[in-house]
Amino acid sequence: EIHWRDWSSDVCSSDLSLIAISKMKKRINCFIPFGTSEDTMQTVKELQASELVDKIYLLGSAPGKKCLPDCEWLPIDGLYSTSTMKTIAAHASTDYILLYTKQTPLKLGLYALERMVQVMENNKKNGIVYADRYQQIHEELKQAPVIDYQLGSVRDDFDFGSILLFSTSAFTYTADKLYKRYQYAGLYNMRLFIAVNYSIIHINEYLYTEVETDTRKSGEKQFDYVDP
């Protein structure tokens with residue numbers, strides 16, 4: 001566990017290493033699910049503002065959907081499938097892979113990606129880094145912390161938050177060994193395999209905000225698929 005600090009609020013003189021990391025360009029490939037054009041564009045702009053970000057890939061199943069500027073479209077059969085994990089591995093060309101698992105807008109805290117890279121680089125055996133976050137509904141901002149990952153944990157509903165930063169070498173090495181094909185448990189299987197050979201690190205700091213744009217009750221949302 002990396003102990004708490006809210007990096008979105010301030011950066012002191014002892015944090016010069018974060019600034020140094022921020023000057024290292026094009027170290028992260030980002031993979032994000034396509035939601036609405038407006039919501040996805042907000043997330044894309046947040047990521048593009050960081051010098052660390054190289055390519056941004058939009059993941060979706062809808063054929064012929066128009067890709068956003070400066071992004072590349074990757075057709076997938078489901079965000080959590082084994083096939084998608086292998087597709088991500090095949091397109092990863094930088095040191096790190098950022099997987100965002102929500103379709104709603106993302107807001108990054110100050111030096112959020114730099115902090116995640118800094119922690120990742122503390123040890124070559126680090127495979128996944130994740131952090132606490134805020135959730136914003138209307139104008140209300142609430143803390144949404146996560147817990148430390150325990151070695152041997154097999155829970156398939158473990159909450160990592162919506163940003164996972166992977167070591168690309170760990171991700172691609174593991175993806176090559178995923179022989180069983182799962183439609184909904186590919187990411188879960190990937191995490192289990194990575195945990196065998198690498199560390200999964202929780203940063204106990206609030207580094208980003210998930211913005212909820214659809215505030216209807218869940219019972220109203222579940223019938224969206226019948227709306228033409």
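Note that the structure is predicted; figures quoted are calculated from it, not measured.
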Closest heavy-atom pair and its distance - [X], [Y]:
X: L106; Y: T43; result: N-OG1, 3.1 Å
X: I203; Y: R115; result: CD1-O, 4.2 Å
X: I97; Y: A92; result: CD1-CB, 3.6 Å
X: G127; Y: A170; result: CA-CB, 4.2 Å
X: Y130; Y: D159; result: CE1-O, 4.5 Å
X: G161; Y: R133; result: CA-CZ, 3.7 Å

Rounded to the nearest 0.5 Å, what separates atom [atom1] in [X] from atom [atom2] in [Y]?
X: L58; Y: M41; atom1: CG; atom2: CE; result: 9.0 Å
X: L68; Y: W73; atom1: CG; atom2: CH2; result: 8.5 Å
X: I56; Y: Q48; atom1: CD1; atom2: CD; result: 4.5 Å
X: I163; Y: L108; atom1: CD1; atom2: CG; result: 5.5 Å
X: M120; Y: Y198; atom1: CE; atom2: OH; result: 11.0 Å
X: I201; Y: K125; atom1: CD1; atom2: NZ; result: 12.0 Å

Is there a side-chain contact between [X] and [Y] in this structure, where contact means two heavy atoms from C-beta onward sitting under 4.5 Å apart?
X: Q118; Y: Y111; result: no
X: T213; Y: T36; result: no
X: L192; Y: V196; result: no
X: M190; Y: L178; result: yes
X: D77; Y: Q183; result: yes
X: L165; Y: V119; result: no
X: E72; Y: H91; result: yes
X: V129; Y: Y96; result: no

Taking atom NZ of K124 as the centre, does the number of heavy atoms from other residues, nucleotides or ligands within less than 6.0 Å exceed 12?
no
Is it true that a side-chain atom of [X] and a backbone atom of [Y] form a donor plus acceptor pair closer than 3.5 Å?
X: T94; Y: N29; answer: yes
X: T87; Y: S83; answer: yes
X: Y208; Y: S162; answer: yes
X: T40; Y: F34; answer: no
X: T209; Y: V211; answer: no
X: T104; Y: E212; answer: no
X: K107; Y: Y134; answer: no
X: D54; Y: R27; answer: no
X: T168; Y: D95; answer: yes

Hey, are S169 and S167 close enough side-chain-wise for a donor-acceptor pair under 3.5 Å?
yes
Working note: I200 + F160, criterion side chain to side chain contact (heavy atoms under 4.5 Å, CB included); need CA distance, chi angles, decisive distance, verdict.
CA-CA 10 Å; I200 299 178; F160 289 97; 3.9 Å; yes
Assess K177 against Y173: is NZ or CZ under 6.0 Å from the centre of the six-membered ring, and within 45 degrees of the ring's axis?
yes
Are I128 and I147 linked, directly or through intermediate hydrophobic residues, by side-chain heavy-atom contacts shorter than 4.5 Å (ILVMFWY only)?
yes
Decide whether Y182 and L187 are clustered together by the hydrophobic rule: side chain heavy atoms of Ile, Leu, Val, Met, Phe, Trp, Tyr closer than 4.5 Å, transitively.
no
Intermediate values then yes/no, side chain to side chain contact (heavy atoms under 4.5 Å, CB included), S199 and N123
CA-CA 9 Å; S199 298; N123 191 316; 5.8 Å; no
Classify the ring geometry between F171 and F166 as parallel (under 30°), tilted (30 to 60°) or perpendicular (over 60°).
perpendicular
